[in-house]
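Letters A, B, ... are given to chains in the order of the sequence lines, protein chains preceding strands, and every chain is numbered from 1. Just so it is clear, the model here is predicted, and its values are computed rather than measured.
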Amino acid sequence: MINNDTNLDFLNGVVDEVAPRLLGCILERELDGRLLRGRIIEVEAYDQSDAASHSYKGKTERTAVMFGPAGHLYVYFTYGMHYCCNIVVGGEGIGAAVLIRAIDPLDGEDSMTANRNGRGGKELANGPAKVCQALGIDKRLNGHDLRKSPLRLIPAAPEAKRRITATPRIGISQAKDTLWRFLYE
DNA sequence: AGCGGGATTTTCT
DNA sequence: GAAAATCCCGCTT
């Protein structure tokens with residue numbers, strides 16, 4: 001059942017409720033004629049009322065996508081060499097997004113490992129910049145509509161759901177006690 | 001296995 | 001000019 005009009009309405013909610021719903025969803029990437037698929041297993045929530053968020057101080061050129069419609073991809077560049085990707089959540093003008101921190105490979109693991117310069121297994125995609133490198137995501141996909149090729153978000157099948165833990169987020173200096181990192185137990 | 005530091009450039013003050 | 005939603009290497013236990 002492949003279509004080009006996936007319903008992503010489940011992204012239209014408050015970010016800390018939507019974020020855990022993204023666990024178990026699938027990212028499907030078409031890259032150089034290959035199909036790469038991975039299941040989302042770790043995420044973090046960010047929104048405009050949150051001092052740790054890029055959107056905290058309002059809309060800028062960089063964060064414009066975060067203030068756009070839900071279901072689009074927000075890609076940012078950091079530490080001079082890494083891309084990280086987020087799924088925009090909440091709706092027009094909200095300024096919220098969910099960082100994809102880790103995925104488990106489902107298809108095209110060999111290609112993902114090659115994209116990661118041979119680092120596979122446990123190290124394949126257990127970090128936000130590693131996810132982007134494995135899936136070949138960079139600035140060119142900033143603002144991309146995730147209902148469309150070459151990068152789709154596929155809602156989680158009911159049987160993919162598992163128990164979820166919430167913890168503090170990684171690598172931030174503000175709002176360190178907010179439990180907005182979600183992962184499977 | 002765990003820790004410390006360097007890489008490297010965009011973004012905002 | 002400083003910090004950054006990170007990663008990897010090399011050195012020490």
In whole angstrom, give the distance that lies between atom [atom1] of [X] and atom [atom2] of [N].
X: A:Arg119; N: C:dT6; atom1: CZ; atom2: P; answer: 17 Å
X: A:His82; N: B:dG6; atom1: NE2; atom2: P; answer: 16 Å
X: A:Arg62; N: B:dT13; atom1: CZ; atom2: P; answer: 10 Å
X: A:Met81; N: C:dA5; atom1: CE; atom2: P; answer: 15 Å
X: A:Glu123; N: C:dT6; atom1: CD; atom2: P; answer: 15 Å
X: A:Asp50; N: C:dA5; atom1: CG; atom2: P; answer: 11 Å
X: A:Glu42; N: C:dT6; atom1: CD; atom2: P; answer: 10 Å
X: A:Phe77; N: C:dA3; atom1: CZ; atom2: C1'; answer: 14 Å

Would one find more than 12 heavy atoms of other residues, nucleotides or ligands at under 6.0 Å from atom CD of A:Glu61?
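No, not enclosed.
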Neighbour count above 12 (heavy atom, 6.0 Å) for A:Lys57 NZ:
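Counting neighbours around NZ of A:Lys57, 12 or fewer heavy atoms of other residues, nucleotides or ligands fall under 6.0 Å, so no.
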For [N] and [X] - does any side-chain N or O of the residue sit under 4.0 Å from the phosphate oxygens OP1/OP2?
X: A:Ser173; N: C:dA4; value: yes
X: A:Lys130; N: C:dC8; value: yes
X: A:Arg169; N: C:dT6; value: no
X: A:Arg101; N: C:dA5; value: no
X: A:Thr78; N: B:dT11; value: no

Could you say whether A:Gln133 or A:Ile172 is positioned toward the 5' end of DNA chain C, judged by the nucleotide with the nearest heavy atom to each?
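Residue closer to the 5' terminus by nearest nucleotide: A:Ile172.
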Centroid distance under 5.5 Å and plane angle under 30°, A:Tyr46 vs C:dA5:
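Stacking between A:Tyr46 and C:dA5: present.
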Would you classify [X] as touching base, sugar-phosphate or nothing, given that sugar-phosphate means primed atoms plus P, OP1 and OP2, and contacts are heavy atoms under 4.0 Å?
X: A:Arg116; result: sugar-phosphate
X: A:Lys139; result: sugar-phosphate
X: A:Ala129; result: sugar-phosphate
X: A:Leu99; result: base

Do A:Tyr76 and C:dA5 have a side chain to base donor-acceptor pair shorter than 3.5 Å?
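Such a pair exists between side chain and base.
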For the aromatic rings, using the six-membered ring if either is Trp, is the centroid distance between A:Phe77 and A:His82 under 6.0 Å?
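Ring-ring flag for A:Phe77/A:His82: false, centres at least 6.0 Å apart.
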Could you tell me the Watson-Crick or G-U partner of B:dG6, where both distances fall under 3.5 Å? Say none if there is no partner.
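Paired with B:dG6, as far as the under-3.5 Å criterion goes, is C:dC7.
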Does the pair A:Ser55 and A:Gln48 meet the rule for a side chain to side chain donor-acceptor pair (under 3.5 Å), with working shown?
CA-CA 5 Å; A:Ser55 59; A:Gln48 193 176 6; 6.0 Å; no
May I ask you to decide if A:Ile100's main-chain N or O and A:Glu42's side chain share a donor-acceptor pair within less than 3.5 Å?
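Judged by distance alone, no pair lies under 3.5 Å.
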So is A:Arg39 actually on top of A:Tyr184's ring, under 6.0 Å and inside 45° of the axis?
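Geometry flag: not set, cation outside 6.0 Å or 45°.
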